[in-house]
Number of protein chains: 2
Amino acid sequence: MSNNQFKRGELYSFITGKASTAIARRLQKKFNAANLNLTIEQWSVLYHLWKQDGISQQELCNASFRDKPSITRLVDNLEKLQLVKRVSSESDRRMNLIYLTKQALKLQDQTMELANETLNEALEGVSPDRIDVCREVLQIVYDNLK
Amino acid sequence: MSNNQFKRGELYSFITGKASTAIARRLQKKFNAANLNLTIEQWSVLYHLWKQDGISQQELCNASFRDKPSITRLVDNLEKLQLVKRVSSESDRRMNLIYLTKQALKLQDQTMELANETLNEALEGVSPDRIDVCREVLQIVYDNLK
DNA sequence: TTTGGATAGTTGTATAAACAACTATATGTC
DNA sequence: GACATATAGTTGTTTATACAACTATCCAAA
């Protein structure tokens, strides 16, 4: 028997990720209300490209904690939306380098603003140091399991 | 303007729920390794039924933070696996009451054990009071947004 | 230079979530 | 009792995820 550390309620919440689901839903609603035709998952890919443009799909896999087929299809859809372009690498023709379009660059400010707004709503009434503890714990969880 | 409370890394982790995703994946792998032919989502429905059997699909929606079509299909799949049975309510024929089968009752101990094990791995090296803070913050986030 | 293993990406299939539109049943009001 | 409205559940469609199997390219060792 492992131990008695977790009461049921805790266990369920941790595993099902109710909080992050709620945050993602709220942000999606904001995107929809702003007529941004963009899913949170697509946004999360753009998020990495805004930090560094022209990375490979494999690097997007690592950065976004998704497998290769997931990234293939997200990039497919982002390409349909004309937000990214696949460019075959000259030095290694196995790789596609993913580049943002002008249209995608324009989305950064507005969507980051909505994301910040969402987090402020989510964390209203929580003190900064408790947020810090929470963030650190979640990081350890991720590191423990990845 | 919202504020500057969040650095990028924090923001992304909170929204995409990397930690809970990692926990769910680890638990799924344990289910697979134990030859339990069961998804985490299906397990999370059983979880509520183990607490209270014979509730309606709508109550499962509320308990599991899912919409009605999601529950319809999860119950469909659980029925195919012969883990639950839909029983039309006598008092209100719009409702299906969902009952666990004997087979599903047998799964409770083993899967809860695997879930506890997973959480112990996830939270290794985190002190109980920090876990508490984290859990409380996540609960507030959920309450703020639901 | 050939060959075999590793790496990058794609495709097929199953499960799941969100949203809209739908059916069936219940209920309250006239 | 009839009708409007609300509630419970289902179905269709799109997007996303996981896993397995596949192709194409690269690279290193014989």
Side-chain angles (χ1 to χ4, degrees), chain A residues 16-18 20-33 36-46 55-81 83-84 86-98, chain B residues 15-18 20-33 36-45 55-81 83-84 86-98:
Chain A
T16 59
K18 283 197 309 181
S20 59
T21 305
I23 293 175
R25 278 187 203 171
R26 174 68 61 97
L27 181 54
Q28 183 70 67
K29 281 189 203 306
K30 285 182 192 286
F31 282 4
N32 297 344
L36 297 168
N37 182 23
L38 191 68
T39 68
I40 299 305
E41 292 82 3
Q42 290 162 1
W43 173 82
S44 79
V45 171
L46 296 182
I55 61 180
S56 70
Q57 295 189 197
Q58 184 58 56
E59 286 171 303
L60 280 173
C61 291
N62 302 336
S64 72
F65 198 44
R66 290 180 172 92
D67 70 356
K68 290 190 295 178
S70 296
I71 289 295
T72 291
R73 276 136 183 168
L74 280 170
V75 172
D76 285 348
N77 286 334
L78 285 167
E79 230 176 6
K80 277 184 213 151
L81 293 169
L83 293 174
V84 304
R86 280 180 171 94
V87 178
S88 194
S89 166
E90 303 258 314
S91 64
D92 184 343
R93 278 181 300 163
R94 289 172 303 178
M95 289 200 294
N96 295 330
L97 303 182
I98 311 301
Chain B
I15 292 175
T16 58
K18 282 197 310 180
S20 59
T21 305
I23 293 175
R25 279 187 202 170
R26 175 67 62 96
L27 181 54
Q28 182 70 67
K29 281 187 203 304
K30 284 181 193 288
F31 282 4
N32 296 344
L36 297 168
N37 182 23
L38 190 68
T39 68
I40 300 306
E41 293 82 4
Q42 290 163 1
W43 173 81
S44 78
V45 171
I55 61 180
S56 70
Q57 295 188 196
Q58 183 58 54
E59 286 171 303
L60 279 174
C61 291
N62 302 338
S64 72
F65 198 44
R66 291 180 170 91
D67 70 355
K68 290 192 293 178
S70 296
I71 289 295
T72 291
R73 276 136 184 167
L74 279 171
V75 172
D76 284 349
N77 286 334
L78 285 167
E79 230 177 6
K80 276 183 213 151
L81 294 168
L83 294 174
V84 303
R86 280 181 171 94
V87 178
S88 196
S89 165
E90 303 259 314
S91 64
D92 183 344
R93 278 182 299 162
R94 290 171 303 178
M95 288 200 296
N96 295 330
L97 304 182
I98 310 301

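These numbers were taken from a predicted model, which means no experiment stands behind them. Just so it is clear: chains get the letters A, B, ... in the order the sequence lines come, proteins before strands, and each one is counted from 1.
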### Residues A:R86, A:D76: salt bridge by 4.0 Å N-O rule
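Salt bridge present between A:R86 and A:D76.
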
### Task
Please tell me which of A:T21 and A:D76 maps to the more 5' nucleotide of DNA chain C, matching each residue to the nucleotide holding its nearest heavy atom.
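Nearest nucleotide further toward 5': that of A:D76.
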
### Message
Closest-nucleotide mapping onto DNA chain C: is A:N32 or B:R94 further toward the 5' terminus? I mean the 5' end.
### Response
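It is A:N32 whose nearest nucleotide is closer to the 5' end.
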
For residues [X] and [Y], determine if any side-chain heavy atom of one lies less than 4.5 Å from a side-chain heavy atom of the other.
| X | Y | result |
| --- | --- | --- |
| B:F31 | B:Q42 | no |
| B:V45 | B:E41 | no |
| A:L83 | A:L38 | yes |
| B:T16 | A:F65 | no |

### Distance-only donor-acceptor check, side chains A:K29 and A:N32, under 3.5 Å
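Distance-only check fails for A:K29 and A:N32.
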
### Query
Looking only at side chains, do A:D92 and A:S89 share a donor and an acceptor under 3.5 Å apart?
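Absent: no donor and acceptor within the cut-off.
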
### Message
Regarding A:K80, tell me which of base, sugar-phosphate or nothing describes its non-hydrogen contacts under 4.0 Å with the strands shown.
### Response
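Nothing, no nucleic acid heavy atom in range.
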
### Query
Hey, does B:S56 reach any base, or is it just sugar-phosphate, or nothing, if we go heavy atoms under 4.0 Å?
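If one applies the 4.0 Å heavy-atom cut-off, B:S56 turns out to touch the sugar-phosphate alone, with no base involved.
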
### Query
Reading DNA chain D 5' to 3', which nucleotide is the first, and which the last, to come under 4.0 Å of any heavy atom in chain B?
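Footprint of chain B along DNA chain D, 5' to 3': D:dA6 to D:dC19.
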
### Message
Tell me the closest heavy-atom pair linking B:R93 and B:S88, and the distance in Å.
### Response
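Result for this residue pair: O-OG, 3.8 Å.
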
### Where A:T39 and A:Q28 come nearest, the two heavy atoms and their spacing
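Minimum heavy-atom separation between A:T39 and A:Q28: CA-OE1, 3.4 Å.
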
### Task
With a 4.0 Å heavy-atom cut-off, tell me which residues in residues 60-72 of chain B come close to DNA chain C, sorted by residue number.
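Contacts with DNA chain C under 4.0 Å: B:R66, B:D67, B:P69, B:S70.
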
### Query
When you measure from every atom of DNA chain D, which of residues 36-45 of chain B have a heavy atom less than 4.0 Å away?
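Result for residues 36-45 of chain B: none.
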
### Side-chain donor/acceptor of B:R93 to base of C:dT25, under 3.5 Å
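Per atom types, no contact qualifies.
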
### Distance in Å, A:W43 CH2 paired with A:L36 CG, rounded so as to fall on 0.5 Å steps
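Atom-to-atom, A:W43:CH2 and A:L36:CG are 12.0 Å apart.
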
